[in-house]
Amino acid sequence: MRRAIFPGSFDPLTNGHLDVIERAAPLFDEMIIAVLNNPDKNPMFTIDERVGMIEKIIAAMKHNGCRLIVDSFSGLTAEFARSKGATAIVRGIRAVSDYEYELRMALMNRKLEPEIETVFFMADEEYSYVSSTLMKQVFLLGGRVDGLIPPLVEAKMRAKLRDKAGSSN
Ligand code: PNS
């Protein structure tokens with residue numbers, strides 16, 4: 001059984017993440033999309049909201065026989081991967097600027113868990129500039145993000161904005 005984890009903040013999931021999931025899925029029997037519960041950050045979506053959205057979105061995806069599971073975790077990615085019996089950590093690389101950070105993480109994770117290999121997937125160039133942070137920023141300032149995030153995520157972002165406007169009235 002080839003099991004991988006795809007860890008990230010996913011605040012929110014973007015089409016770039018989906019592209020990586022689609023590319024990685026044929027290589028594994030099971031992939032756990034692992035949402036980091038990071039108390040230091042001030043996320044737009046709660047862990048449950050993120051997990052719920054991703055579950056709905058991947059249910060409609062082609063995944064070439066790979067079982068896709070969504071889970072959340074706290075603490076070390078390498079430790080979570082080991083606890084799940086995963087042999088690979090999937091990460092996406094958009095541009096050279098991602099490389100240094102990803103290399104440091106991959107080497108640290110290898111130091112922590114030498115049996116677990118980090119595997120990088122090159123996201124489609126169409127998404128090379130797409131990040132969760134940029135999507136939130138553009139959306140909150142009224143810019144268009146259609147085609148860059150799943151429609152469900154956009155609808156939930158819109159609802160968040162409405163809730164925020166409602167609570168500040
Ligand atoms: O989507 P992101 O924010 O780029 O994902 C980063 C993530 C969650 C993969 C990274 O921050 C992480 O692994 N955090 C967990 C803590 C950890 O294991 N740190 C050491 C990694 S070298």
Side-chain angles (χ1 to χ4, degrees), residues 3-22 24-25 28 30-61 63 66-94 98 100-121 123 127 130-140 145 148-164 167:
R3 183 182 290 123
I5 67 159
F6 178 26
S9 306
F10 303 107
D11 185 44
L13 181 87
T14 68
N15 285 352
H17 292 128
L18 286 181
D19 184 61
V20 170
I21 295 170
E22 268 177 6
F28 300 102
E30 190 176 291
M31 181 158 57
I32 304 170
I33 299 151
V35 186
L36 176 68
N37 191 357
N38 186 350
D40 298 342
K41 284 201 177 171
N42 186 15
M44 178 178 238
F45 292 103
T46 66
I47 276 288
D48 289 347
E49 286 171 331
R50 278 179 269 166
V51 168
M53 270 190 277
I54 301 170
E55 274 173 345
K56 281 203 184 103
I57 292 162
I58 62 167
M61 265 175 76
H63 27 82
C66 175
R67 184 163 176 243
L68 294 177
I69 296 170
V70 190
D71 204 349
S72 61
F73 74 105
S74 307
L76 290 172
T77 292
E79 166 62 25
F80 178 73
R82 193 190 48 76
S83 75
K84 293 292 174 184
T87 51
I89 296 173
V90 165
R91 290 289 289 170
I93 290 207
R94 292 163 295 196
D98 284 338
E100 248 184 81
Y101 169 62
E102 293 296 336
L103 177 69
R104 271 186 281 129
M105 276 209 298
L107 294 178
M108 189 66 229
N109 284 331
R110 184 193 281 168
K111 175 85 182 151
L112 294 167
E113 290 295 337
E115 305 293 310
I116 301 176
E117 209 55 62
T118 298
V119 188
F120 293 110
F121 291 83
Y127 305 120
V130 174
S131 72
S132 302
T133 306
L134 209 58
M135 294 305 102
K136 282 184 284 195
Q137 203 178 87
V138 172
F139 182 83
L140 291 172
V145 287
L148 304 178
I149 54 173
L152 175 71
V153 171
E154 193 174 345
K156 297 272 183 197
M157 280 168 95
R158 221 166 277 294
K160 277 271 168 201
L161 215 60
R162 272 199 307 272
D163 289 353
K164 225 170 127 193
S167 65

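What you are looking at is a predicted structure, and each value in this text was computed from that prediction instead of being measured. The basis for the numbers below is simple: all heavy atoms, side chains too, and nothing from hydrogens, waters or symmetry mates. One is the number of the first residue; the rest follow in order along the sequence.
Of the inter-residue distances, the one linking Ser74 atom OG with Ile47 atom CD1 reads 7.5 Å to the nearest 0.5 angstrom. To the nearest 0.5 Å, the span separating CD1 on Ile32 from CG on Leu68 amounts to 10.5 Å. In this structure, CG on Leu134 lies 11.5 Å from CD1 on Ile149, to the nearest 0.5 angstrom. Here Phe120 contributes atom CZ and Ile93 contributes atom CD1; the two are 4.5 Å apart, rounded to the nearest 0.5 Å. Remark: Asp11 CG to Met135 CE distance equals 13.0 Å, nearest 0.5 Å. With values rounded to the nearest 0.5 angstrom, Leu103 atom CG is found 4.5 Å from Leu107 atom CG.
At most 12 heavy atoms of other shown residues, nucleotides or ligands fall within 6.0 angstrom of atom NZ in Lys156. Atom CZ of Arg110 sits in a sparse spot, with 12 or fewer heavy atoms from other residues, nucleotides or ligands closer than 6.0 Å.
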Apply side chain to side chain contact (heavy atoms under 4.5 Å, CB included) to the pair Leu161 and Phe139, showing each step before the final yes or no.
CA-CA 9 Å; Leu161 215 60; Phe139 182 83; 3.8 Å; yes
Given salt bridge (charged side-chain N to carboxylate O under 4.0 Å, His left out), test Arg91 with Asp98 step by step and report yes or no.
CA-CA 10 Å; Arg91 290 289 289 170; Asp98 284 338; over 6 Å; no
Please assess Thr14 against Leu148 for the test side chain to side chain contact (heavy atoms under 4.5 Å, CB included), listing each intermediate value before the final yes or no.
CA-CA 6 Å; Thr14 68; Leu148 304 178; over 6 Å; no
Start with the C-alpha gap between Ile116 and Arg82, add the side-chain angles, then the distance that decides, and say whether side chain to side chain contact (heavy atoms under 4.5 Å, CB included) holds.
CA-CA 8 Å; Ile116 301 176; Arg82 193 190 48 76; 4.2 Å; yes
Hey, mind stepping through Met61 and Ile21 against side chain to side chain contact (heavy atoms under 4.5 Å, CB included) and telling me if it holds?
CA-CA 10 Å; Met61 265 175 76; Ile21 295 170; 3.6 Å; yes
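Between Met53 and Phe10 the shortest side-chain heavy-atom distance does not fall below 4.5 Å. Counting heavy atoms from C-beta outward, Leu13 and Leu18 have side chains that approach closer than 4.5 Å. Between Val20 and Phe6 there is a side-chain heavy-atom pair separated by less than 4.5 Å. The closest side-chain heavy-atom distance from Phe73 to Leu36 is below 4.5 Å. Under the 4.5 Å side-chain criterion, counting only non-hydrogen atoms from C-beta, Val90 is in contact with Met31. For the pair Asn15 and Pro150, the minimum side-chain heavy-atom distance is below 4.5 Å. For the pair Val153/Ile57, a side-chain contact is recorded, criterion being any heavy-atom separation below 4.5 Å from C-beta on. At a threshold of 4.5 Å between non-hydrogen side-chain atoms, the residues Leu140 and Met44 count as touching.
Here the shortest heavy-atom pairing between Cys66 and Ala25 reads CB-O, 3.2 Å. His17 and Ser132 make their closest contact through CE1-OG, 3.5 Å (heavy atoms, listed as atom of the first residue, atom of the second, distance). Here the closest non-hydrogen pair linking Phe80 and Ala34 is CE2-CB, 3.5 Å. The heavy-atom pair separating Thr77 from Pro7 by the smallest distance is CG2-CG, 3.7 Å. Ala81 and Ile5 get closest at one heavy-atom pair: CB-CD1, 3.7 Å.
Evaluation of the side-chain contact (heavy atoms from CB on, under 4.5 Å) rule for Met108 yields Lys111, Leu112 as partners, not counting sequence neighbours.
Ring geometry for Phe28 versus Phe121: interplanar angle over 60°, hence perpendicular rather than tilted (30 to 60°).
Residue Pro12 forms a side-chain contact (heavy atoms from CB on, under 4.5 Å) with just one option from Lys160, Arg50, Glu49, Met157, and that option is Met157.
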